K.L.:
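Handing you this structure, nothing more for now.
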Amino acid sequence: MEFSSRDRQKHWRLAGDRREQYPHSLQFYLEPPTESISLVEFESLAVDRLKLLKVVENLGVSYVRGTDAYKSKLEGELRKLKFPYRALAEDDYEARRKDHISHFILRLAYCQSEELRRWFLQQEMDLFRYRFNELTGGLMQKFLEHVNLSFEAIDEDLKNELANELSVSTPGFNLSKVKEQMFYKVGLADAVDLFRARRVYIKDGFAYVPFKEIDVLVLNNYRTKLSKALALTARSLPSIQSDERLQPLLNHLSHSYVGPDYSIQKNTGKISLDQIDALSVKSFPICMRQLHRALRDNHHLRHGGRMQYGLFLKGIGLTLEQALEFWKKEFIRGKVDADKFDKGYAYSIRHSYGKEGRRTDYTPYCCMKIIMSNPPSQGDFHGCPFRHSDPELLKQKLQSYKISPSGITQILELVKGMHYQLACQKYFELTHDVDDIGFSLNHPNQYFTESQKLLSGGRELKKEFNNSGNFQQKNNSQESINSSSTPTSSNTKADTELEGLEAYFTED
Ligand code: SF4
């Protein structure tokens, strides 16, 4: 079957047949999609899922999972993005299809490294946990049968016989609660976590799991399946990398940035060079503050630092003339003489402003590019300090920035959990004395813009958590993770179609 986004009529006719394809609102995503879709739809589905997973990540840190606030925020986002949110809704073929295809696209994008796989797995697990727990008992049962996970419920006679043992071995269960709840007899291998945490009664190689803990078994099973699937998808990377339509898109997605590129600034030329020292303290994210300090101290930055910081400064509004003056003044205070600067460094600055070579107007790096690519070596100052600094050094840096001990603890906790952008959001809140940052941080220039808005009173911080962040779909891809700094042009053509998606997920 084949349809394009422009062929909606045909699609609707086919949709009736396809309802059977998604009998449940919840999926284990065992079968890859087989239809052909346009590149435009491919990107749009992927971007929406990415937004959803970013929200799942944010909520997981900001709220206790499973609380009413957590659930209502997540449901709100699922509704907004048109993913399945009501388990009982029968007529949500489009939402289920979106859920299915978008999961597989991000699986492709996020299988590319261990770190990406871990992030994807974590968010997908959280999303699945929420959805599974939202199912009614009957739907849970149906879903378990559908994915061949039907656990055997013990009969009343056996339950009465084991009642004492079950109540003693199952935390939170007295005799009357044991009578009320259904218990399942499960092989030990399926209940390892519960067994380790001493939450179930074990007898003759079987665990007796109460209904309320069944989600642990299902999640374990899902985790195993998804981890394996990600590893297998990673093996098909060579075939993906040879597809010139897909590769830039997937790299773009795995940088997980879909917001403005900060290439055009309303305030170009409105920042004077004298302001930069003060701005670096007040409104620069820690990565740029670190680069600025290193430049002032050493009168030099190596290539990675010059690119990261130079493009950031361009994004906040420095003109080419200002940039040339800024870098030259600093470099000639070090080991570089004016002649060498004019012949070498000045060229690359003009180049980054699109005035030399291929005349490409380079855009500032987003957080994920900084976090995921080109890690700093000895003597480098680029990168993301939350990702690339030793925790002890990061702690000292934060202390020197006068962050409170409790604030430092919170930041280091987020870093430990690999939530680098959330750690940066916390740093923003602490340095700007606000309770809730009110946006989802994805870009150093976004940090600067939001900081300036706040400091100039131009923005009222929302007290409520705002999931929408600054996401904006854009068609031109951000730079490739492997490219030095050459932005890719648009890879989406409305009439180009991707065929045989399943080919990318085939096990070898
Ligand atoms: Fe810079 Fe982004 Fe890291 Fe913050 S999270 S320090 S803005 S790279």
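Keep in mind that what you see is a predicted model, and the values were worked out from it rather than measured. Numbers here are sequence positions counted from 1. Atoms within a ligand are numbered from 1 in the order they appear, just like the ligands themselves. Atom set for the values below is all heavy atoms of this structure, side chains included, hydrogens, waters and symmetry mates excluded.
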K.L.:
If you round to the nearest 0.5 Å, how far is OH of Y110 from CZ of R49?
P.N.:
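One finds 12.0 Å between CZ of R49 and OH of Y110.
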K.L.:
Enumerate the atoms of ligand 1 whose separation from the nearest heavy atom of I286 is less than 4.0 angstrom.
P.N.:
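Matching atoms, with element in brackets: 6 (S).
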K.L.:
So, H100 and Y29: side-chain donor and acceptor under 3.5 Å apart, yes or no?
P.N.:
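Y29 and H100 do not have a side-chain donor-acceptor pair below 3.5 Å.
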K.L.:
Check I286, L454, L441 against F428 for a side chain to side chain contact (heavy atoms under 4.5 Å, CB included) and give me the one that passes.
P.N.:
L454
K.L.:
Short of 2.8 Å from atom 2 (Fe) of ligand 1, name each protein N/O/S atom, waters not counted.
P.N.:
C367 SG
K.L.:
Hey, is E450 close enough to K453 for a salt bridge, meaning N to O under 4.0 Å?
P.N.:
yes
K.L.:
With sequence neighbours excluded, what pairs up with K329 under the salt bridge (Lys or Arg N to Asp or Glu O under 4.0 Å) test?
P.N.:
E325
K.L.:
How about K340 and K335: do any of their side-chain heavy atoms sit closer than 4.5 Å?
P.N.:
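Not touching, per the 4.5 Å side-chain cut-off.
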